[in-house]
Trainee: 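Mind having a look at this structure? Questions to follow.
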Number of protein chains: 4
Amino acid sequence: MRFFSDNAAPVHPRVFAAMAAADQVDTAYDGDALSRALDARFSILFGREVAVLWVPSGTAANALALAALCQPYGGVICHRDAHLQNDECGAPEFYTHGAKLMLGEGSGAKLTPAEVLRLADGIANDVHRVQPHALSITNATEYGCVYTPDEVAALGSLAEARGWGFHMDGARFANAVATLDCTPAELTQYVDVLSFGFVKNGGLSAEALILFNPALADATARRRKRAGHLLSKGRYLAAQIHAMLDDDLWLETARAANEHAQTLAKAAKGRLISPVEANELFLRMTPAEAAALRAQGFDFYDWAAGEIRLVTHWASPAPEVEALARAIEAL
Amino acid sequence: MRFFSDNAAPVHPRVFAAMAAADQVDTAYDGDALSRALDARFSILFGREVAVLWVPSGTAANALALAALCQPYGGVICHRDAHLQNDECGAPEFYTHGAKLMLGEGSGAKLTPAEVLRLADGIANDVHRVQPHALSITNATEYGCVYTPDEVAALGSLAEARGWGFHMDGARFANAVATLDCTPAELTQYVDVLSFGFVKNGGLSAEALILFNPALADATARRRKRAGHLLSKGRYLAAQIHAMLDDDLWLETARAANEHAQTLAKAAKGRLISPVEANELFLRMTPAEAAALRAQGFDFYDWAAGEIRLVTHWASPAPEVEALARAIEAL
Amino acid sequence: MRFFSDNAAPVHPRVFAAMAAADQVDTAYDGDALSRALDARFSILFGREVAVLWVPSGTAANALALAALCQPYGGVICHRDAHLQNDECGAPEFYTHGAKLMLGEGSGAKLTPAEVLRLADGIANDVHRVQPHALSITNATEYGCVYTPDEVAALGSLAEARGWGFHMDGARFANAVATLDCTPAELTQYVDVLSFGFVKNGGLSAEALILFNPALADATARRRKRAGHLLSKGRYLAAQIHAMLDDDLWLETARAANEHAQTLAKAAKGRLISPVEANELFLRMTPAEAAALRAQGFDFYDWAAGEIRLVTHWASPAPEVEALARAIEAL
Amino acid sequence: MRFFSDNAAPVHPRVFAAMAAADQVDTAYDGDALSRALDARFSILFGREVAVLWVPSGTAANALALAALCQPYGGVICHRDAHLQNDECGAPEFYTHGAKLMLGEGSGAKLTPAEVLRLADGIANDVHRVQPHALSITNATEYGCVYTPDEVAALGSLAEARGWGFHMDGARFANAVATLDCTPAELTQYVDVLSFGFVKNGGLSAEALILFNPALADATARRRKRAGHLLSKGRYLAAQIHAMLDDDLWLETARAANEHAQTLAKAAKGRLISPVEANELFLRMTPAEAAALRAQGFDFYDWAAGEIRLVTHWASPAPEVEALARAIEAL
């Protein structure tokens with residue numbers, strides 16, 4: 001019974017079916033009709049004109065986003081616990097050609113305007129210091145928390161006032177929208193580039209890079225090609241994304257994952273390190289307790305000393321979730 | 001009736017079936033059993049120990065290969081018509097951090113040892129000149145020709161003698177092996193890194209980067225991650241590759257593509273610009289003739305002035321191939 | 001008797017005197033009065049507002065210029081014989097983060113608009129091909145020839161029409177101006193960035209990077225720092241440049257070098273490979289003849305098979321030049 | 001009366017004289033006799049075989065050192081207050097092609113083995129995390145403190161045990177040696193690359209990059225060229241370094257600077273934030289007090305809120321130092 005990662009989840013049947021439906025001779029790269037239709041489709045979803053590029057991984061989406069917003073001699077303010085910083089083997093530095101990540105603090109892996117200002121104002125604006133060019137937040141965060149639309153807007157307006165780009169790593173954007181019950185547009189005010197994740201949420205290999213400033217599309221498309229992310233059979237990626245958007249499948253799967261997490265959260269109330277606002281839980285747990293759970297067949301990640309991480313997903317079997325909840329209560 | 005590109009081909013049903021069979025909860029990234037099995041499987045195929053990394057595109061495979069073999073201050077000798085040089089928007093320069101491509105001449109997009117020596121010996125070995133670090137050839141070439149095992153070995157032993165890495169872009173390696181009726185091992189003597197292509201040949205989004213020197217694997221795996229090519233649901237890529245290897249599907253599909261090309265070659269004998277040794281044909285053709293073919297429903301690429309390119313693939317419908325052959329004869 | 005390189009020349013006494021005059025406690029980096037005065041001084045020289053950064057080498061000047069004009073995913077059209085391509089160990093690729101040099105042909109290392117168009121129009125404007133972002137010429141060229149003001153303007157207006165940046169490598173700009181007897185302004189129409197060389201012409205370690213679009217200055221100053229070229233005792237570099245500009249010392253030294261070259265050119269008339277329009281000569285010469293000159297104490301560079309290069313400079317002793325002229329005539 | 005920076009100091013007369021003595025026609029780049037003699041000279045100084053490259057700035061020295069020791073996908077452990085991190089506008093990231101700086105804590109800008117282990121052991125050795133490849137310390141530190149030979153050796157042996165490169169930023173190496181009264185060899189145990197600074201200490205534009213592993217020289221020389229730091233008239237840089245080494249001028253000037261700092265330290269005893277072990281002082285001081293000093297003609301740097309920095313140098317006039325000491329006492 002695996003609560004290790006939502007990356008371990010299978011592919012949603014409707015996503016698979018869409019790929020099968022796309023399985024015919026068609027124009028290569030992103031010249032096919034499905035790829036061509038993404039701009040319009042996401043423009044409707046976000047209520048403003050956007051340009052959209054599919055990419056096969058969230059790391060690619062994030063790194064291309066930062067390259068669009070930050071010069072090689074600039075910096076990106078992000079949280080110390082950001083995926084960008086810790087889990088991408090330096091992809092931001094590679095794609096930006098050496099920009100510096102500037103690490104802020106904050107509980108739940110969330111930045112606040114005050115913290116961002118503290119960081120930025122500590123940097124003299126002279127030629128010796130790397131200057132911030134962009135601000136990046138993750139929503140839902142690496143600790144399973146969400147930024148509300150107001151929190152996003154507060155950070156975004158700060159970025160705008162300073163002339164920085166504003167990026168949102170939305171590997172679990174769906175989970176955040178589902179939790180907040182807001183629209184995608186409400187949750188992306190001031191955002192310049194969103195990495196809109198589908199892979200953790202039912203897709204196979206397609207994330208959408210949403211450029212709210214379509215003028216960024218030309219350079220980003222060239223960077224995507226140059227990075228090897230313009231797959232030759234792109235229609236199968238576009239098909240995944242369309243399937244996820246059809247009938248709001250992306251929200252349906254995110255809600256399922258979130259509900260599973262709530263089931264566990266209720267059972268683990270006294271152990272929670274952060275509020276459970278998406279599909280990840282971080283629990284205090286002794287090694288002995290963790291071993292006891294594992295002995296019952298539950299698989300999960302040891303986070304830090306005395307902490308574990310549980311992740312639910314759209315396909316987590318309800319009986320397994322229930323069983324884990326019971327097991328935690330019984331500890 | 002499309003003869004535009006083998007990238008436009010659909011996915012082989014057995015590849016799709018393998019992906020469906022892999023569609024269950026499993027370890028993320030390349031920790032799954034299918035990914036873990038690739039080293040052993042290709043080691044058998046090549047008759048020596050290799051390390052293998054899947055990547056989702058040929059551009060990624062090629063660029064990672066060059067980064068493994070060439071320092072940022074070095075150069076890569078390749079043909080002027082190499083895909084590396086012309087069709088990857090600078091991916092080699094991006095991944096190598098600015099190495100220089102050194103362009104040789106030769107008919108059929110083939111390099112010879114003499115041409116390589118001419119290039120290399122024109123470069124004084126001082127600190128002002130970029131020195132060659134690697135040699136890269138494409139087999140089958142961008143003009144649909146093949147290097148024989150002996151030709152590969154001659155270039156490879158030259159590379160070895162000079163201390164260069166030796167890379168083979170094998171986007172159409174299958175077509176070359178099928179034409180030559182040799183073993184994969186015979187066609188990769190002295191090769192350090194092979195980009196073994198499956199996408200043009202029945203796959204969806206998986207190429208195999210074959211490292212004949214397994215010591216290159218650690219750094220290359222980190223570069224792959226850093227480039228965003230370590231997809232989180234890697235088992236679906238590994239599954240594609242296994243399906244292509246099962247019962248030599250990769251050779252079966254390549255042979256089919258090659259045979260279609262021969263059908264056209266016979267019909268176009270007087271027009272051929274290069275020998276037809278794989279699944280691409282380059283024909284002399286006036287604009288009026290090309291227009292006449294298009295009027296009959298045939299789609300293809302205008303190559304250079306007075307030249308067209310035709311590409312066949314494993315799923316090219318035989319009646320369409322026959323129809324095109326007749327139409328060319330009738331011009 | 002050395003005719004090897006103008007880099008081997010000593011430093012002009014007035015340059016040394018200016019450095020001595022600057023030898024007092026002053027603000028570090030480029031905060032001193034001498035550095036601060038460069039913008040105004042060159043703005044007068046060029047008759048339009050320019051921003052100026054000193055750098056310690058021509059390679060740094062050229063590479064920073066290209067980084068200002070070309071994105072990592074772009075290309076720079078230059079001559080096959082450009083110093084950029086052949087003698088900087090990949091500095092353009094390093095500073096631009098992997099842009100591609102696109103090599104044109106032309107006698108005397110000169111590009112023509114027709115050749116530039118041939119190159120550019122051979123590149124389809126799609127995402128697979130690196131697109132030209134800049135055009136770079138060298139004046140005087142690597143073969144000791146000059147572009148006239150009209151030739152510069154013709155190339156520059158082409159660059160402007162295509163939306164490319166226009167760079168001039170002016171390592172021997174002084175020699176070109178001296179030969180053409182024009183103003184610096186006349187010779188830099190349409191130029192966006194000029195590498196204005198002083199080191200070969202009497203300076204010690206200071207070249208001026210002239211930004212005709214001052215908006216490029218901020219990013220370029222940061223790139224200069226990041227590259228380690230913002231020397232902490234910059235006033236000694238600024239002092240060199242001021243000394244070279246005082247009373248047109250730069251033209252006086254260039255004229256002296258050019259005149260020495262003309263003395264040799266007259267003596268070597270039948271051997272000249274290119275017209276002698278600056279301070280370099282390329283002569284046809286058999287190995288036996290070259291050996292005979294060397295036996296008489298003349299030192300010079302073997303260029304290609306059967307060719308030698310001679311370089312004169314401001315401090316070439318007239319008797320040595322005369323002696324070499326006689327020796328060549330006597331061959 | 002300037003106590004702002006040792007970069008503001010003039011050039012030592014013996015350095016100037018050495019440049020004048022080198023002012024004749026000679027081989028360009030580093031082919032001259034003075035440059036060629038550096039390896040042997042420093043090998044004697046350090047008592048082991050070293051390879052030495054001059055560069056015109058400390059930033060270039062540091063960045064080239066890191067590029068020699070750290071792959072693009074690796075990281076460099078250094079102190080949070082390191083010049084590398086804060087004052088080089090991202091030069092380490094540029095030269096290493098995007099390596100990550102990993103920031104440790106410690107008073108006086110000093111790292112300890114325990115702190116380095118804490119950082120390193122917090123990084124899981126998987127492909128998602130950037131791994132440390134090198135350790136860099138600054139001696140004397142950015143806070144005017146020194147690492148003793150034993151402290152250097154403890155950090156160095158840790159680096160060796162982990163397989164990391166070990167770099168010392170010795171912009172003020174002379175001041176550290178002078179304070180410790182040790183040999184250069186004693187202070188560089190386990191060091192792979194030392195940036196040996198001369199510019200702050202009497203030079204004009206020459207630092208020595210000391211490669212204790214001469215096998216690093218070839219690649220580093222090529223990187224130096226590629227970065228534009230192989231100046232064409234290198235003999236004037238080599239001459240500076242030789243002059244600094246002659247009769248231990250480097251130690252004589254460092255001792256003078258250190259003594260001035262001690263004069264100030266005695267006067268400012270109660271205000272010292274760090275021990276004064278080189279030529280920099282960091283003092284607690286209210287804005288009113290700082291203003292009072294400035295009103296008396298003393299110029300210095302406001303460090304952090306309520307803190308100032310004073311820097312002495314070899315040419316600080318003793319009466320000015322005495323005057324400042326009196327003024328601080330009188331506050």
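Lettering of chains follows the sequences in order, A, B, ..., and the numbering in each one begins at 1.
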Trainee: Answer yes or no: is there a side-chain heavy-atom contact under 4.5 Å between B/Lys100 and C/Leu101?
Mentor: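 They are in contact (side-chain heavy atoms under 4.5 Å apart), so the answer is yes.
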Trainee: If you measure from OH on C/Tyr73 to CD on B/Glu93, what distance do you get to the nearest 0.5 Å?
Mentor: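 Reported to 0.5 Å precision, the distance equals 15.0 Å.
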Trainee: Using a 4.5 Å heavy-atom cutoff, which residues in residues 122-133 of chain C come close to chain B?
Mentor: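 At a heavy-atom separation under 4.5 Å, chain B is reached by C/Val127, C/His128, C/Arg129, C/Val130.
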Trainee: Out of B/His83, B/Glu88, B/Gln85, return the one with the most heavy atom pairs under 4.5 angstrom to chain C.
Mentor: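 So the answer, after comparing B/His83, B/Glu88, B/Gln85, is B/Gln85.
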Trainee: Go through B/Ala99, B/Gly98, B/Gly74, B/Cys89 and name the one with the most non-hydrogen pairs under 4.5 angstrom from chain C.
Mentor: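 That would be B/Cys89.
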